[in-house]
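One structure is given here, and the rest of the page talks about it.
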Amino acid sequence: MVSQDKIRNIAIIAHVDHGKTTLVDEMLKQGGIYRENQATVERVMDSGDLERERGITILAKNTSVHYKDYKINIVDTPGHADFSGEVERILKMVNGVILLVDAAEGPMPQTRFVLQKALELGHKVIVAVNKIDKPDARVHEVMDEVLELLLDLNATDEQFNSPTVFCSGRQGTASYSPDEAGTDLKPLFETIINYIPAPGGDDTAPLQLLVSSIDYNDYVGRIAVGRVERGTIKVNQEVTICDFHDPEVKAKGKVVALYEFDGLSKNPIPEAHAGEIVALSGMSDITIGRTLCAPECVEPLPFVKISDPTIEMTFAVNDSPFAGKEGKFVTSRNLRDRLEKELLKDVSLHVTEQGTDSFNVAGRGEMHLSILMETMRREGYEFSVSTPRVLTKVIDGKVCEPIERMVADVPEECMGAVIEKMGKRKGDLLSMTPMGSRYRLEFLVPSRGLFGYRNEFLTDTRGEGVMSSVLDSYAPMKGEIERRQVGSLVAFETGESVAYGLAAAQERGSLFIGPGVSVYAGMVVGVCSRNEDMTVNVCKRKQLTNMRAAGSDEALRLTPPRVMSLEQCLEFLADDELLECTPKSLRIRKRELDHAARMRNLMKKRAQDNG
């Protein structure tokens with residue numbers, strides 16, 4: 001067992017794509033975790049399929065490396081603001097953070113958000129400027145930007161004078177000077193050992209352990225992960241589970257198994273002392289934020305208040321004509337159980353039941369909820385979702401909406417288009433900074449103004465733009481924002497699409513489907529080029545008579561259909577539409593499938609608007 005003064009607990013925080021997980025890979029390799037001949041994977045900490053596909057970290061994960069006779073516990077955190085609930089809670093487990101910044105991009109909005117949380121907890125910070133070997137690296141300017149950011153966030157003098165290390169995560173090198181190429185990560189390990197304090201806590205005092213994250217295993221059930229704040233925890237020990245924010249909670253529990261993190265595995269151990277980060281099983285109803293105490297001294301620890309969600313969507317049982325054909329779990333009970341299971345490990349998710357068949361699911365952003373939807377689809381769930389809605393707050397008697405700080409990195413010639421679109425979406429331009437042949441634009445824009453914007457942004461910047469946003473504040477409602485300038489092409493009857501019907505429909509706009517696809521009346525099959533919905537019959541066959549033969553006309557030319565991802569479907573949804581998610585398909589449909597009923601509702605709405 002490593003003594004307390006030889007333990008260091010750190011979290012690595014950074015913006016998406018700044019190289020956290022790649023750096024952790026190299027720390028594991030140089031920390032002697034692998035055998036010499038062992039096959040290794042890139043970005044080994046991104047263990048989920050979705051994480052590997054998208055190249056982003058979604059869940060915070062623990063690992064540890066050994067350097068000399070020290071044990072360094074590392075938490076790899078997500079960089080995307082939508083998963084910031086993950087970051088907020090694990091910061092309680094560590095004594096310091098490594099702030100990783102890309103040598104070309106500099107600090108981005110998410111960097112600001114996570115760093116602010118770390119500074120509020122009084123953590124020591126090591127600044128690591130990563131990717132210094134990139135051809136467009138601008139190390140000295142980025143260093144100035146980091147210092148400005150620390151000033152902005154009211155860092156203490158000690159935090160402002162944080163040590164800086166210059167790394168290349170991909171090559172596994174670090175150095176103390178930007179002009180020297182390092183040979184290995186020793187400078188980074190040395191800085192961690194010398195600058196980050198050892199965890200405090202009295203070994204002989206009564207036990208206190210705060211649960212900061214939950215893992216789940218089908219064999220042992222829930223696994224709680226947290227740091228032993230004081231005392232010693234042993235296998236088969238009786239504990240009392242309590243909650244700082246809810247004095248009523250006092251339950252008995254028993255530690256059935258105890259594990260320490262060693263590299264990529266969890267090793268069973270008989271006991272752990274103050275300062276260690278451990279995982280333990282045996283308590284079926286343990287949740288994040290609870291404290292495990294010795295029964296004779298029940299003192300719950302305060303838990304960081306997780307910021308509120310900003311958007312919500314309605315998840316409902318699929319009631320389309322194709323319901324139940326592709327999914328394994330289709331009932332409201334299946335949906336309720338799955339959402340409740342997600343609540344156990346995702347503290348920033350809120351679920352409220354609406355009637356018997358639908359649930360309002362609130363989260364941090366479109367990305368947060370779309371990852372949950374994609375995960376559920378892959379598990380065999382079938383359900384429908386509504387358009388995202390922002391969650392407002394009443395502040396000083398005024399209804400206020402969430403405002404995002406959006407940073408766009410765009411080529412100079414595309415700047416005008418982005419500023420114009422942001423103006424239409426009620427965005428205010430804060431700053432415009434030249435960066436070589438590109439510009440960095442910073443806006444304050446309402447969250448609902450960003451719904452459906454990402455695709456337009458990529459089109460306007462010819463795929464070269466990079467945008468990211470993070471919640472900034474709440475402000476009074478900014479008025480009406482027009483989301484979509486185009487209508488939908490809606491199928492008129494149920495059947496199978498044929499080339500003849502599709503050829504007529506594609507003259508009205510672009511299609512989402514090709515021939516031979518099953519459709520139902522009320523299903524959206526394409527985008528209308530005009531700003532109104534249009535009904536088309538994609539199942540219409542060519543009538544054959546004795547005057548006309550099947551092949552006498554010229555061959556029909558069909559434009560390839562537009563295949564949309566889950567996020568693109570959510571961005572496209574209008575208020576009167578739903579997205580049907582099944583393991584095999586994503587279908588957009590009208591809430592009201594009957595054409596005549598839709599027309600009646602439209603006439604009523606127009607009469608009200610004019611009257």
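This chain uses plain numbering: 1 for the first residue, then up along the sequence. All heavy atoms count here, side chains included; hydrogens, waters and symmetry mates do not.
- Between F329 and D337 the shortest side-chain heavy-atom distance does not fall below 4.5 Å.
- Counting non-hydrogen atoms of neighbouring residues, nucleotides and ligands closer than 6.0 angstrom, the CZ atom of F492 reaches no more than 12 such neighbours.
- In this structure the side chain of L349 reaches within 4.5 angstrom of the side chain of V361, judged on heavy atoms.
- Checked against the 6.0 Å centroid criterion, the rings of F359 and F315 do not qualify as a close aromatic pair.
- By the 30° and 60° cut-offs, the orientation of the rings of F322 relative to Y520 is perpendicular.
- Counting heavy atoms of neighbouring residues, nucleotides and ligands inside a 6.0 Å radius, atom CZ of R591 exceeds 12 of them.
- Rounding to the nearest 0.5 angstrom, the gap separating the CZ atom in R378 from the OG1 atom in T375 is 7.5 Å.
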Could you please spell out the steps behind the side-chain contact (heavy atoms from CB on, under 4.5 Å) verdict for K134 and D102? CA-CA 9 Å; K134 276 174 85 170; D102 187 301; 3.4 Å; yes
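- With no hydrogens or angles considered, no side-chain donor-acceptor pair links T314 and Q354 at under 3.5 Å.
- Between the side chains of R587 and T582, no donor-acceptor pair of N or O atoms lies under 3.5 Å.
- The side chain to side chain contact (heavy atoms under 4.5 Å, CB included) test with T392 singles out one residue from R448, M477, K398, and that residue is M477.
- The closest side-chain heavy-atom distance from L441 to I419 is below 4.5 Å.
- Minimum heavy-atom separation, L502 to G514: CD1-C, 3.4 Å.
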Go through E456 and R425 one step at a time and tell me if the salt bridge (Lys or Arg N to Asp or Glu O under 4.0 Å) criterion holds. CA-CA 12 Å; E456 273 184 54; R425 291 165 177 267; 3.0 Å; yes
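- With rounding to the nearest 0.5 Å, the separation of SG in C569 from CG in L578 is 12.5 Å.
- Taking CE from M415 and CE from M432, the interatomic distance works out to 4.5 Å, rounded to the nearest 0.5 Å.
- Taking CD1 from I403 and CG from D472, the interatomic distance works out to 8.5 Å, rounded to the nearest 0.5 Å.
- Annotation for E532: atom CD counts as buried by contact number, over 12 foreign heavy atoms lying within 6.0 Å.
- The one candidate from T387, L570, L573, I311 that meets the side chain to side chain contact (heavy atoms under 4.5 Å, CB included) condition with F451 is I311.
- Atom CD of E105 sits about 7.0 Å away from atom CZ of R440, to the nearest 0.5 Å.
- Panel note: side chain R598, backbone L593; a donor-acceptor pair is recorded below 3.5 Å.
- Counting only distance, with no hydrogens or angles, the side chain of S497 and the backbone of G516 share a donor-acceptor pair below 3.5 Å.
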Please assess E353 against R336 for the test salt bridge (Lys or Arg N to Asp or Glu O under 4.0 Å), listing each intermediate value before the final yes or no. CA-CA 9 Å; E353 203 161 330; R336 182 187 296 108; 2.8 Å; yes
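- K421 NZ: more than 12 foreign heavy atoms inside a 6.0 Å radius.
- Atom CD in E312 sits 4.5 Å away from atom CZ in R389 (nearest 0.5 Å).
- Inter-residue side-chain proximity for E420 and D460 is flagged as unmet; no heavy-atom pair is nearer than 4.5 Å.
- Side chain of E567 to main chain of S370: no donor-acceptor pair is present (N/O by atom type, distance under 3.5 Å, no hydrogens or angles).
- Checking side-chain atoms of T535 against main-chain N and O of V490 turns up no donor-acceptor pair under 3.5 Å.
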